[in-house]
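In what follows, a single structure is set out as structure tokens and then discussed.
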Amino acid sequence: MGPADPPVFVVGAPRSGASFLYKLLCLHPDSTWVSNWVGRRPYLGPLASLNRLAARAHRMRHSAWFRSDDRTPLARAFPRPVESGSLFSAYDVPEASDAVEATRRQTSLRRAVGDLARFGGGRVFVSRQAAHGRRLPLLHAIFPRARIVVVHRDGRAVAESLSRTDWWPGSHVWWFGDTPLAWEEKGGDPWDLCARHWVREVEAIEHGLARLPSAAVLHVRYEDFTADPAATLDGVGEFVGMPAGRRWRRAVGRVDLPVADDGWRARLGSAAARVEDVQAGWLRKYEYLS
């Protein structure tokens, strides 16, 4: 059996704000999630009991989850939400799939998610993985009542942010089949890769969304979130079945939320025209470009 409430999948391109929203949802007392401990041993549902520890240690949770400079052994060992890749891989869910029917092995993931909810103490399973956007029809087949929260952000801001992250150069770019370092070694323009990555991510997400019922999907703009975090979180909470209450508001209140910032425009500089040329179609579709 699975949890009593539909699971929630947070999708969005890297640097879109989807990962941050995921962690905020995991602060909700009714949520359950894949921790760094479960990520190491996805078959051991009882490890989700450590989620209960995180819910009680408010100060440590804030430091371990939201302070990138806290690299102490305790912070690294403290239960925190991570991407759900190992859990889904354990049940043969591929990173990309157009399948609209699930295998018996894949549907057994429902029981695993139910165990995580039971041991973790939350009734709503919340999951984030970069690959979710490339397998939305299959996720819907496995969890027909799932809720999908799609986070959108101006692709130019995403490209600029990607260019500054320390993990990007050595990461595996799924549609290219290699790393950004290899792209440059082959003579590719690094700005072109950053721009195209956003395009490929949103194309994959939109392709999957076209096969899902619209009532199962909520679209959130990162720019709206930074302009009014409380209203955005209230709307997301209502949609996923975790209304904002005193405990969640208090937990979110301890977090330094992002603020509206157009600094990326200046940082793009002369690369802006090249990025816009690659992204123009989707920037217009999402009303980021007239």
Side-chain angles (χ1 to χ4, degrees), residues 2-3 7-12 14-95 108-133 135 139 143 149 151 165-168 170-172 174 240 242 247-248 251-252 254-258:
V8 176
F9 298 107
V10 182
V11 302
R15 312 305 293 176
S16 66
S19 294
F20 190 78
L21 178 60
Y22 164 57
K23 286 196 290 185
L24 293 181
L25 288 173
C26 291
L27 287 174
H28 198 288
D30 291 337
S31 72
T32 195
W33 32 272
V34 173
S35 73
N36 46 323
W37 291 96
V38 171
R40 297 172 187 174
R41 297 289 186 273
Y43 293 115
L44 295 181
L47 284 174
S49 300
L50 294 172
N51 292 19
R52 297 174 185 262
L53 170 64
R56 295 187 180 95
H58 304 298
R59 291 184 179 179
M60 189 64 223
R61 178 174 65 176
H62 175 269
S63 183
W65 290 21
F66 297 99
R67 278 186 51 190
S68 59
D69 61 336
D70 190 347
R71 301 181 181 277
T72 62
L74 179 58
R76 291 198 299 269
F78 191 81
R80 64 183 185 279
V82 298
E83 290 211 347
S84 310
S86 62
L87 176 66
F88 284 77
S89 294
Y91 290 88
D92 298 337
V93 179
E95 291 197 350
S108 65
L109 179 59
R110 299 171 191 164
R111 181 178 295 277
V113 165
D115 287 343
L116 293 181
R118 177 162 55 90
F119 288 109
R123 57 181 179 78
V124 178
F125 175 68
V126 184
S127 174
R128 160 70 182 161
Q129 187 188 353
H132 282 345
R135 58 187 181 204
L139 291 181
F143 300 99
V149 179
V151 183
T165 56
D166 55 3
W167 53 263
W168 172 244
S171 64
H172 179 80
W174 57 271
V240 303
M242 297 191 300
R247 288 176 61 190
W248 193 33
V252 172
R254 297 187 178 98
V255 180
D256 292 329
L257 299 177

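Bear in mind that the values here come from a model prediction, so they are computed numbers and not experimental data. In what follows, residues are counted from 1 in the order of the sequence shown.
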Quiz item: Would a distance-only check, ignoring hydrogens and angles, find a side-chain to backbone donor-acceptor pair under 3.5 Å from Trp65 to Pro79?
Solution: yes

Quiz prompt | Validation row: His28, Val240 side chains within 4.5 angstrom (heavy atoms) | solution = no

Quiz prompt | Minimum-distance pair of heavy atoms, taken over all atoms of Arg80 and Asn36 | solution = N-OD1, 2.9 Å

Quiz prompt | For Arg15, all residues meeting side-chain hydrogen bond (donor to acceptor under 3.5 Å, both in side chains), sequence neighbours excluded | solution = Ser161

Quiz prompt | Set of side chain to side chain contact (heavy atoms under 4.5 Å, CB included) partners for Ala130, sequence neighbours left out | solution = Glu83

Quiz item: For Arg118, which residues count as a side-chain hydrogen bond (donor to acceptor under 3.5 Å, both in side chains) partner, sequence neighbours excluded?
Solution: Asp115

Quiz item: Going by the salt bridge (Lys or Arg N to Asp or Glu O under 4.0 Å) test, which pairs reach into residues 39-56, not counting sequence neighbours?
Solution: none

Quiz prompt | From Met242 atom CE to Trp248 atom CH2, the distance as rounded to the nearest 0.5 Å | solution = 6.0 Å

Self-check item: Nearest non-hydrogen partners of Ala64 and Phe78, listed with the distance
Solution: CB-CD2, 3.8 Å

Practice problem: Of all the heavy-atom pairs spanning Ala90 and Pro42, show the shortest one and how long it is. | Solution: CB-CG, 4.0 Å

Quiz item: With Ser89, which residues qualify under side chain to side chain contact (heavy atoms under 4.5 Å, CB included), at least two apart?
Solution: none

Practice problem: Not counting sequence neighbours, list each pair that qualifies as a ring-ring contact (aromatic ring centres under 6.0 Å, His included) and has a residue in residues 37-62. | Solution: Tyr43-Tyr91

Self-check item: Atom pair CG/CG of Leu87 and Leu109 - distance to nearest 0.5 Å
Solution: 5.0 Å

Self-check item: Any residue meeting ring pair (Phe, Tyr, Trp, His ring centres under 6.0 Å) with His132, in chain and number order, not counting sequence neighbours
Solution: Phe9, Phe88

Quiz item: If you look only at pairs with a residue in residues 18-27, which of them pass as a side-chain hydrogen bond (donor to acceptor under 3.5 Å, both in side chains), with sequence neighbours excluded?
Solution: Ser19-Arg128

Quiz item: If you look at every heavy atom in Trp167 and Pro14, which pair is closest and at what distance?
Solution: CH2-CB, 4.2 Å

Quiz item: Got a sec, which residues hit side-chain hydrogen bond (donor to acceptor under 3.5 Å, both in side chains) with Arg67, two or more places apart in sequence or on another chain?
Solution: Asp69

Quiz item: What pairs of residues pass the salt bridge (Lys or Arg N to Asp or Glu O under 4.0 Å) test when at least one of them lies in residues 29-38, not counting sequence neighbours?
Solution: Asp30-Arg123

Self-check item: Heavy-atom closest pair, residues Trp33 and Cys26
Solution: NE1-O, 3.3 Å

Quiz item: Looking only at heavy atoms, what is the nearest atom pair of Arg61 and Ala55, with distance?
Solution: NH1-CA, 3.8 Å

Self-check item: Heavy-atom side-chain contact between Val124 and Leu25 under 4.5 Å
Solution: no

Quiz prompt | Donor-acceptor contact below 3.5 Å, side chain Thr32 vs main chain Gly122 | solution = no

Self-check item: Distance, nearest 0.5 Å, that separates CZ of Phe143 from OG of Ser127
Solution: 8.5 Å

Quiz item: Quick one: side chain to side chain contact (heavy atoms under 4.5 Å, CB included) partners of Thr72, sequence neighbours excluded?
Solution: Asp70, Leu74, Ala75

Exercise. To the nearest 0.5 angstrom, please state how far the OG atom of Ser31 sits from the CG atom of Asn51.
Key: 8.0 Å

Quiz prompt | ring pair (Phe, Tyr, Trp, His ring centres under 6.0 Å) partners of Phe66, counting only residues at least two apart | solution = Phe20

